[in-house]
Amino acid sequence: MVDQSLRGFLEMVERDFPEEFVRIREPVSRTDITPAVFEFERAGRSPVIVFDQVEGFVHPVVTNIAGNRKLLAACLGVEPGGLPEAYKDRCQNYLPVEVVEDAPWKEVVIEGDDIDLTKLPIPFHFPVDAAPYITAGQIVARDPETGVDTTGFHRLMLVGNNRLGVSLHSRRRMYQYHQKAEARGEPLPAAVTIGTHPVHYMGSMAYHYPPGVRKYEIIGALFGESYKVSECGTGGLEVPEGAEIVLEGEILNDVHEPEGPFGEFTGYASYRSTQNVFVVKRVQMRRDAIFHSVASGMSADHILISCVSREAEILNTLRRNLPNVLAVHVPSNTAGALLAVVQMKKTAEGQPQLAIMAALGTEFYCKCVVVVDEDVDIFNLSDVAWAIITRTRAEKDITFIHGAMGAILDPISDPEDHTLTKVGVDATRPAGRDFAERLYIPDAQRERVRRMLESEGINL
């Protein structure tokens, strides 16, 4: 049995990867939480960070649980390089949920006028943010017509004691569910879960699956066992048994209020919003609840899981017709989904162009696809840039697709219809003729040099 809770994950990291676990015992301001993540990233690290004391609040805060490929891979029991492949394969083996009557988050129940969200240590992430933002809140709601539920991230701005601004900007299922409820003249019953296992987040970021499949069934597939959920009391909604905090309420119909700006994944402040409103009617939580926050902006914590899910989706699409595609990488440090790098063993001209078209057609957020040979390290953007500059013939190998649908939050997309020009780059060697031989240093020689340097007290 896997411990499917956030706490189970934290215990695993502290036990098995102590170098990736940081605990801050001194009191911090809630404005310091996200900046701490970026300071670690600048130093080349991405540990899980627990803040025991946040000034003015009771609950501790944990952040950056999803910013480290090694830890996400450990959750699935694979090596980091095998993460997209494992994600791709497991996501399709849907497992029904296990419904349990009791859950630790039912220990404390707060209702009516006693609800006060300002008591939660909700961080200010960036100076531009309009207010404190809940960034790790997963909204769950049901399709008003089919009854199938979904769960996913949507930013939540603290507006009042029981009121949150929300942007349903993804144009995916939650947005559609609310549209259907609004067409009936009804609010959409919903719940927000805060503090769940990273595998929950991985499963919730799956994008291409049949309409009747529940996200919880995908999460269970990733765990390799049924996902445990419990009914929260709002509209018959089920939420993760292992959650820390559950906010129950509804997304209002025909009500729009200012929401934003907010520091988005692109690295820019976003003023675009659907301006919806979530009213909280009940709060349930563990007595010693841990508040979970995702570092916003272009942090790996904010982007990495979506990168892995998109790597898996694109890889799955490409392999159907191009089995010589070896791997796909969606770098988190290029705003995540906007760039995809495809590694292939090219056997004929034209194959990179097929890969480009298929990749762009799989994920509409993606606006640039680079295809490279098998000798290029797709996890090293310097190596990818070297391939582009030495193997690309601009007049033949760069493809433009004008007027394609892009991401609403992409600041370069058209402000009216959100279209833009997408580009594909064939950075593979020309087929059918000799090409310049790449220089390399044998692994055995590299190992000898490393041992020599270590003997001199130099560790690289």
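In this chain, residues are counted from 1 in sequence order.
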Around atom [atom1] of [X], are there more than 12 heavy atoms of other residues, nucleotides or ligands at under 6.0 Å?
X    : atom1 : value
E101 : CD    : no
E257 : CD    : yes
Y268 : OH    : no
D113 : CG    : no

Pairing donors with acceptors under 3.5 angstrom, does anything connect the side chains of [X] and [Y]?
X    : Y    : result
H200 : Y227 : yes
K106 : S230 : yes
D410 : T266 : no
T399 : Q353 : no

I'd like to check [X] versus [Y] (side-chain heavy atoms, cut-off strictly below 4.5 Å). Are they in contact?
X    : Y    : result
Y177 : R142 : no
E20  : L71  : yes
P60  : F51  : no
I290 : L10  : yes
L6   : E244 : yes
K367 : I412 : yes
F124 : T34  : no
V277 : I251 : no

What's the spacing between [X] [atom1] and [Y] [atom2] if we round to 0.5 Å?
X    : Y    : atom1 : atom2 : result
T274 : E259 : OG1   : CD    : 7.0 Å
Y201 : C75  : OH    : SG    : 12.0 Å
H292 : T193 : NE2   : OG1   : 11.0 Å
H418 : I408 : NE2   : CD1   : 4.5 Å
T118 : F57  : OG1   : CZ    : 7.5 Å
F9   : R7   : CZ    : CZ    : 14.5 Å

Can [X] and [Y] be counted as an ion pair, charged N to O under 4.0 angstrom?
X    : Y    : answer
D143 : K180 : yes
E238 : K228 : no
E248 : R282 : yes
K281 : E111 : no
R214 : E217 : no

#### Entry: F262 and H302 aromatic ring geometry - parallel, tilted or perpendicular at 30°/60° bounds
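Because their plane-to-plane angle is over 60°, the rings of H302 and F262 count as perpendicular.
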### Message
Please evaluate residues M298 and E264 with respect to the criterion side-chain contact (heavy atoms from CB on, under 4.5 Å), reporting the C-alpha separation (whole Å), side-chain torsions for both, the decisive distance (0.1 Å), and the verdict.
### Response
CA-CA 7 Å; M298 214 169 70; E264 270 292 355; over 6 Å; no
Would a distance-only check, ignoring hydrogens and angles, find a side-chain to backbone donor-acceptor pair under 3.5 Å from [X] to [Y]?
X    : Y    : result
T135 : V294 : yes
Q138 : I194 : no
E98  : V229 : no
W105 : R287 : no
D129 : G260 : no
K422 : G403 : no
D383 : D377 : yes
E363 : Y365 : yes
S167 : Q275 : no
E241 : V100 : no

### Within 45° cone and under 6.0 Å: R163 NZ/CZ vs F278 ring
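Judged by the rule, R163 and F278 form no cation-pi pair.
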### Task
Examine R286 relative to F291 and say whether NZ or CZ is less than 6.0 Å from the centre of the six-membered ring and inside a 45° cone about the ring axis.
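The answer is no; the distance or angle limit is not met.
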### Task
Dump the intermediate steps for side-chain contact (heavy atoms from CB on, under 4.5 Å) on Y133 and S296, then the final yes or no.
CA-CA 9 Å; Y133 266 87; S296 63; over 6 Å; no
Looking only at non-hydrogen atoms, find the nearest pair between [X] and [Y] and report the distance.
X    : Y    : answer
E313 : T362 : O-CG2, 3.8 Å
V54  : S29  : CG1-C, 4.4 Å
C232 : A191 : SG-CB, 4.2 Å
M174 : L188 : SD-CD2, 4.3 Å
I305 : M205 : CG2-CG, 3.4 Å
V330 : R69  : O-NH2, 4.2 Å

### Message
Just to verify, which of V325, L318, L354 counts as forming a side chain to side chain contact (heavy atoms under 4.5 Å, CB included) with M344?
### Response
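Exactly one candidate clears the test, V325.
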### Message
Determine whether D301 and S299 satisfy the following criterion, side-chain hydrogen bond (donor to acceptor under 3.5 Å, both in side chains), listing intermediate values before the conclusion.
### Response
CA-CA 5 Å; D301 192 29; S299 73; 5.1 Å; no
#### Entry: CA sep, side-chain torsions, deciding dist, call: H197, F223, ring pair (Phe, Tyr, Trp, His ring centres under 6.0 Å)
CA-CA 10 Å; H197 196 288; F223 271 121; 5.1 Å; yes
### Query
Do R272 and S413 pass the side-chain contact (heavy atoms from CB on, under 4.5 Å) test, and can you show the C-alpha distance, the side-chain angles, and the key distance before you say yes or no?
CA-CA 12 Å; R272 292 174 174 174; S413 67; 3.3 Å; yes
### Query
How far apart are the C-alpha atoms of T151 and I139, what are their side-chain angles, what is the distance that settles it, and do they pass the side-chain contact (heavy atoms from CB on, under 4.5 Å) test?
CA-CA 5 Å; T151 182; I139 302 179; over 6 Å; no
### Query
salt bridge (charged side-chain N to carboxylate O under 4.0 Å, His left out) between K88 and E311: does it pass, once the steps are laid out?
CA-CA 9 Å; K88 172 181 72 72; E311 288 167 355; over 6 Å; no
